[in-house]
Colleague: 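The following block contains the structure, expressed as structure tokens.
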Amino acid sequence: MLLRHTPTEIKEREALTVNPAKTCQPIGAMYAALGIHGCMPHSHGSQGCCSYHRSALTRHYKEPVMAGTSSFTEGASVFGGQANLLAAIDTLFTVYSPDLIAVHTTCLSETIGDDLNQIVGKAQEDGLIPPGKRVIYASTPSYVGSHVTGFSNMVKGIVRGLPEKSAAKSDKLNIIPGWVEPSDMREIKRLAKEMGVPVTVFPDTSGVLDNAMTGRHEMYPKGGTPVADIVASGGNKHTLALGAFASEEGAKALEVKCGVPFTTLDLPIGIAATDRFIQKLSVISGKPVPESIADERGRLVDLITDMQQYFWGKRVALWGDPDQLVALAEFLVDIDMRPVYVVSGTPGKAFAERMEKVLADIPEAKCKNGASADMFLMHQWIKNGKVDLLMGNTYGKYIARDEATPLVRVGFPILDRVGHTYFPLVGYAGAIRLLERILNALLDHKDATCPETQVELTM
Amino acid sequence: MSMPTKMPDAAAVKESILAKYPVKVAKKRSKAMVVNDPGAVPAVQANVRTVPGIISQRGCCYAGCKGVVLGPTRDIINITHGPIGCGFYSWLTRRNQTDPGEVGPDGENFMMYCFSTDMQDENIVFGGEKKLRAAIQEAYDIFHPKAIAVFATCPVGLIGDDIHAISREMKEKFGDCNVFAFSCEGYKGVSQSAGHHIANNQIFKHVIGRGHTRPDGRYVMNMLGEYNIGGDAFELERLLESCGITLNATFSGNSTIGAFENAHMADLNVVMCHRSINYVADMIEKKYGIPWFKVNFIGAESTAKSLRKIAQYFEDPVLIERVEKVIAEELAAVKAAAEEIRPRTEGKLAMLFVGGSRAHHYQDLFRELGMTSVAAGYEFAHRDDYEGRRVLPTIQVDADSRNIEELKVEKDPTEYAPRKTTDEMETLVQHGYEFNDYDGMMTEMEKGALVIDDISHYEMERLIETYHPAVFCAGIKEKYCVQKMGVPMKQLHSYDYGGPYAGFRGAVNFYRDIDRMVNAKVWKLVRPPWQDTPRITATYASA
């Protein structure tokens, strides 16, 4: 037994988190910043933060993740980190020539009260920012929210720093895709193109964290949203914020700053959420949904009808980030599976309210988010009432092995399998892939564990 | 072996790299990059602040304390006191293996768990002591561990939570659970190294010496600075057992707190990773009279040498003979593998930029493959790890290191017992033993090789472009940059999820992995075929 000390009996905890279903803000800010072309993320804090975030993202993406750090020492922690950040800005521009630097804070620099607005102003005054280059920033205290909050805050930072107000509105839409994989961002762009809708997707890590092997290391790979496109996003006609937790704040900020109206949608994971996304694209752009997209949807529905017997009534435990969980749970309910346990470390009442609606037909479902909503609790729930399938990040493999329950890896981080950077989960095609993986997990498990008399050739 | 001919001039390479930096940065980095001369080892700048923004490999004090030294001990509940991130990122990511055996009272294993106080903004504003106290209580109530350790993250030191007082209070309250704390805030020191030192101090103060059980066996020793990455400790345990040597405590691969408590019951300490654990070795010697010397179980030759050194220390001909027999048996397979593989690796170049000892130790394995280490450096080492402990008196302690406590250790009034008399020690020294010593990396590297401390990303890219090494060794953050450049990259923190690489069988594993990496066909697939085909400028005319 790997998790041999997890008791079945559940004791209320108020202070101790065990096996968290979240991590801290700055990593989300770093990920969002990587989605701008030519951008160097920068962590204003101790070296360890930057090292941990780069390592975690690298293990998940199997790609280079470049970022700077202010390398705080005890002295900087006492006297403030201004000198360190100014030195870092100078070194980064001189040695690595980014188009822009996206600074985020940490619990350390937040606790001592470093003011990024003032420090970046000083860098400008001192001539440390070369002409035509920029420094944007976001406040991302690790002791508030989660990594999802950090992503959202950096998107807000991007909006504060780059888009410009424009009197004339273009036909383009902005899409803030949320914290999804490069493959998902690529798929969102493909769907928009298929619809004939011109879009600016930002941030966009496709072509950055799924980069080709060429024999050269590109400090700034060809992907990422061009700065000029984000600057122009203030003149676009509408913003779609995908995922309330990761994207809505950024869209709201863009509305306030440049008057671009926005709509918040769920992440287009699964059939109903993708339907809403496609319909919204169609309504806002005035473009009809093309037959090719209807065909994609049709293939998805066809698969569900073909394999419906294997989905029906299966109990699923889910953990991860709120935007993913909302859409995923809705999809599972749509295919007659039963998401019975849902856990997210990310706090926010909106999640609980939304999940209550999504899980209205699953009276036995337990859902918890925020403080002490962790994987330890979820494992205890499972010990008290088994599930047929686990869906979540790689840390679930220890539960999967102990409980002899199949695991479909979704979310962050996925450290021990590939695929998430190449194949999307969003859109109808993404839903097909998700179902393929759910079926493989369930059917492989059945093949490996059912009585020999019941091994089926055709399934 | 010597440096291959037609190598770039290292001094010129250094100058060209420095030219890119702002003036102040160039001046600083210049002292951290030296051209080696094993006969007259030059001074290298080490253990000083990293230049902000330069893109370093380094992590923080917390990582060195909680992640490295304490991480591999399975039966301590390690609570990270801070926001969630630090605990999350150090959760199972160091891949220290452990073998707790069957579920039961002796089979405690908390290594798959992450424990955190998950501090929120109100804890930062009003203090986190109450939450920490409650978290320790909850951990005790749910898990009933033998020990609970508390690790401070950056904000804890700033807001002034007294983690040591709370730990003392809870330890007294429980009575059957040792509770102790580490002030290892990330901003302390200049790298993970400060965290190693803090971990050493607290383990020495709060754990070592609490037990009174000596394992059975005539030759009882501890192994310090071995973290069981990829099962290295398992392999060494097997090897030592077949020699008849009893391993008492390992700091800290595959370890338990009980073994730590009894560490002073052994007769010898051998040190693998000098950087991370030399403090404990020194302090145990001072307090209990157990001598230590440096060993290296990375590389077949080094393993044989280290085993002989241990056997001869115990001065028993029976042991010496048994060790020779084991070496002879084990070396047969190693030689066969080396002979098969060496023609495919001979003459190739390697670079190693990692850790505080591995960049040195792994050069032995490359030497056994006929490969030359043309450039190497540590991520968080000190000058003594490069130049040898002889430079210790000349090292200037700067403001960043001065804040790390140096424990005053005296002979234990009852437990101090020198394992060797002064005469015996002198005789051993005359026979070539170097107690309390380490010669460092540079005496064993080629003349003209580049030694670079705390290498930056930029420097790494320039080295690779200039030397085109056959393999580059570093960590996960460097892994895919290097490979994008078409150069196979070996992670020497995690071993790329392979191993073990220690001992004789480990050496064979490493030979095979390097053979696979440098000879894999994929590197030839990088260039698409059409890139080399001249463009077709004419087409057939239609008939």
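We name chains A, B, ... by the order of the sequence lines, and we start the count at 1 in each one. All of these numbers come straight from a predicted model, not from anything done at the bench.
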Colleague: As an exercise: rank B:Q120, B:Q483, B:E465, B:E478 by heavy-atom pairs under 4.5 Å with chain A and give me the winner.
Modeller: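 Counting heavy-atom pairs under 4.5 Å, the top option is B:Q120.
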Colleague: Would you say A:H5's side chain and B:N109's backbone share a donor-acceptor pair under 3.5 angstrom?
Modeller: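 Such a contact is found between A:H5 side chain and B:N109 backbone.
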Colleague: Heavy-atom distances under 4.5 Å only: say whether A:V65 touches chain B with side chain, backbone, both or neither.
Modeller: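 Contact with chain B: none, neither part.
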Colleague: Is B:I79 close to chain A through its backbone or its side chain, or both, or neither, when contacts mean heavy atoms under 4.5 Å?
Modeller: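 The answer is the side chain of B:I79.
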Colleague: With a 4.5 Å cut-off on heavy-atom pairs, point out which of B:A139, B:A399, B:C114 contacts chain A the most.
Modeller: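 Looking at each option in turn, the highest pair count goes to B:C114.
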Colleague: Mark yes or no for whether A:N211, through its side chain, and A:V208, through its backbone, hold a donor-acceptor pair below 3.5 Å.
Modeller: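 Absent.
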Colleague: Hey, is the main chain of A:L128 close enough, under 3.5 Å, to the side chain of A:D90 for a donor-acceptor pair?
Modeller: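 Such a contact is absent between A:D90 side chain and A:L128 backbone.
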Colleague: What part of A:A76 gets within 4.5 angstrom of chain B, counting heavy atoms only: side chain, backbone, both, or neither?
Modeller: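 Neither part.
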Colleague: Which bit of B:E102 is near chain A, if near means a heavy-atom gap under 4.5 Å: side chain, backbone, both or neither?
Modeller: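 Backbone only.
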Colleague: Within the distance-only criterion (no hydrogens, no angle test), does the side chain of B:T80 pair as donor or acceptor with the backbone N or O of B:G82 below 3.5 angstrom?
Modeller: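 No, because the side chain of B:T80 does not come within donor-acceptor range (under 3.5 Å) of the backbone of B:G82.
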Colleague: Measuring heavy-atom distances to chain B, does A:Y96 have an atom under 4.5 Å in its side chain, in its backbone, in both, or in neither?
Modeller: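 When you check distances to chain B, only side chain atoms of A:Y96 fall under 4.5 Å.
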Colleague: Relative to chain B, which of A:L57, A:L108, A:T111, A:D374 shows the most heavy atom pairs under 4.5 Å?
Modeller: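 Ranked by contacts with chain B, first place is A:L108.
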Colleague: Do the side chains of B:D398 and B:R49 get close enough for a salt bridge, i.e. N-O under 4.0 angstrom?
Modeller: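 A salt bridge is absent here (no side-chain N lies under 4.0 Å from a carboxylate O).
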Colleague: Starting at OG of B:S494, measure out to NZ of B:K479 and round the result to the nearest 0.5 Å.
Modeller: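 These two atoms lie 8.0 Å from each other.
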Colleague: Please state whether the side chain, the backbone, both or neither of B:Q192 comes within less than 4.5 Å of a heavy atom of chain A.
Modeller: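 B:Q192 has no heavy atom closer than 4.5 Å to chain A.
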Colleague: Relative to chain A, which segment of B:L525 carries a heavy atom at a distance below 4.5 Å: side chain, backbone, both, or neither?
Modeller: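 Contact with chain A: none, neither part.
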Colleague: Heavy-atom pairs under 4.5 Å with chain A - which of B:Y89, B:F88, B:F110 has more of them than the others?
Modeller: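 Top option by heavy-atom pairs under 4.5 Å: B:Y89.
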Colleague: Please lay out, stage by stage, how A:K11 and A:E9 fare under the test salt bridge (charged side-chain N to carboxylate O under 4.0 Å, His left out).
Modeller: CA-CA 6 Å; A:K11 279 186 185 159; A:E9 187 204 346; 5.2 Å; no
Colleague: Side chain, backbone, both or neither: which part of B:I54 has a non-hydrogen atom closer than 4.5 Å to chain A?
Modeller: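 Both parts, backbone and side chain.
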Colleague: Which bit of A:P347 comes within less than 4.5 Å of chain B, counting heavy atoms only: side chain, backbone, both or neither?
Modeller: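 For A:P347, there is no contact with chain B at all, as no heavy atom is under 4.5 Å.
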Colleague: Heavy-atom cut-off 4.5 Å, strictly under: side chain, backbone, both or neither for B:P528 against chain A?
Modeller: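 Interface part for B:P528: neither.
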Colleague: Please flag which part of B:I476 lies under 4.5 Å from any non-hydrogen atom of chain A: side chain, backbone, both or neither.
Modeller: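 Contact with chain A involves both backbone and side-chain atoms of B:I476.
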Colleague: Measure the acute angle between the ring planes of A:F376 and B:F143, then classify it against the limits of 30° and 60° as parallel, tilted or perpendicular.
Modeller: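 The rings of A:F376 and B:F143 sit tilted, inter-plane angle from 30° to 60°.
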Colleague: Select one option (side chain, backbone, both, neither) describing which atoms of B:V25 are under 4.5 Å from chain A's heavy atoms.
Modeller: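 For B:V25, the side chain is the part near chain A, not the backbone.
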Colleague: Please classify the contact of B:R58 with chain A as side chain, backbone, both or neither, using a heavy-atom distance under 4.5 Å.
Modeller: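 The answer is both parts of B:R58.
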Colleague: Output the option from B:G186, B:G486, B:S116 having the highest count of non-hydrogen pairs under 4.5 Å with chain A.
Modeller: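 When all of B:G186, B:G486, B:S116 are compared, B:S116 has the most.
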Colleague: Can you tell me which portion of B:T93 sits under 4.5 Å from chain A's heavy atoms? Options are side chain, backbone, both or neither.
Modeller: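 Contact with chain A: backbone and side chain both.
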Colleague: Answer yes or no: is there a donor N or O on one side and an acceptor on the other, between the side chain of B:K131 and the main chain of B:D118, under 3.5 Å?
Modeller: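 Judged by distance alone, yes, a pair lies under 3.5 Å.
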Colleague: Would you find a donor on one side and an acceptor on the other, under 3.5 Å apart, between the side chain of A:Y52 and the backbone of B:G85?
Modeller: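 No, A:Y52 side chain to B:G85 backbone: no donor-acceptor pair under 3.5 Å.
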Colleague: Relative to chain B, which segment of A:F93 carries a heavy atom at a distance below 4.5 Å: side chain, backbone, both, or neither?
Modeller: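 For A:F93, neither part sits under 4.5 Å from chain B.
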Colleague: Main chain of B:G59, side chain of A:Q47: is a donor-acceptor contact present, judged purely on distance under 3.5 Å?
Modeller: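 Side chain of A:Q47 to backbone of B:G59, a donor-acceptor pair under 3.5 Å: yes, one is there.
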Colleague: Considering residues at least two apart in sequence or located in another chain, which fulfil the side-chain contact (heavy atoms from CB on, under 4.5 Å) criterion with B:K146?
Modeller: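 Partners of B:K146 under the side-chain contact (heavy atoms from CB on, under 4.5 Å) test: B:D75, B:E108, B:I257.
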Colleague: Out of B:K477, B:M112, B:Q57, B:Q137, which one racks up the most heavy-atom pairs below 4.5 Å with chain A?
Modeller: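 The residue among B:K477, B:M112, B:Q57, B:Q137 with the greatest pair count is B:K477.
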Colleague: Kindly assign one of parallel, tilted or perpendicular to the pair A:H217 and B:H457, based on the angle between their ring planes and the thresholds 30° and 60°.
Modeller: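 The rings of A:H217 and B:H457 stand perpendicular, inter-plane angle above 60°.
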Colleague: Please classify the contact between A:S46 and chain B as side chain, backbone, both or neither, with a heavy-atom cut-off of under 4.5 Å.
Modeller: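 Contact with chain B is through the side chain of A:S46 alone.
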Colleague: Can you check whether A:L2's main-chain N or O pairs, donor with acceptor, with A:D402's side chain at less than 3.5 Å?
Modeller: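 Yes, the answer is positive, given that a donor and an acceptor are paired below the 3.5 Å cut-off.
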Colleague: So for A:P7, is it side chain, backbone, both, or neither that comes closer than 4.5 Å to the heavy atoms of chain B?
Modeller: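 Looking at A:P7, just its side chain touches chain B.
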Colleague: Which region of A:A56, side chain (C-beta onward) or backbone (N, CA, C, O), has a non-hydrogen atom less than 4.5 Å from a non-hydrogen atom of chain B, or is it both or neither?
Modeller: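 It is the side chain, since no backbone atom gets that close.
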Colleague: Which region of B:D400, side chain (C-beta onward) or backbone (N, CA, C, O), has a non-hydrogen atom less than 4.5 Å from a non-hydrogen atom of chain A, or is it both or neither?
Modeller: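 When you check distances to chain A, only side chain atoms of B:D400 fall under 4.5 Å.
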Colleague: Who wins among B:A63, B:G87, B:C61 for the most heavy-atom pairs under 4.5 Å with chain A?
Modeller: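 Counting heavy-atom pairs under 4.5 Å, the top option is B:A63.
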Colleague: Classify the angle between the aromatic ring planes of B:Y113 and B:F115 as parallel (below 30°), tilted (30 to 60°) or perpendicular (above 60°).
Modeller: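 Parallel, since the angle between the ring planes stays under 30°.
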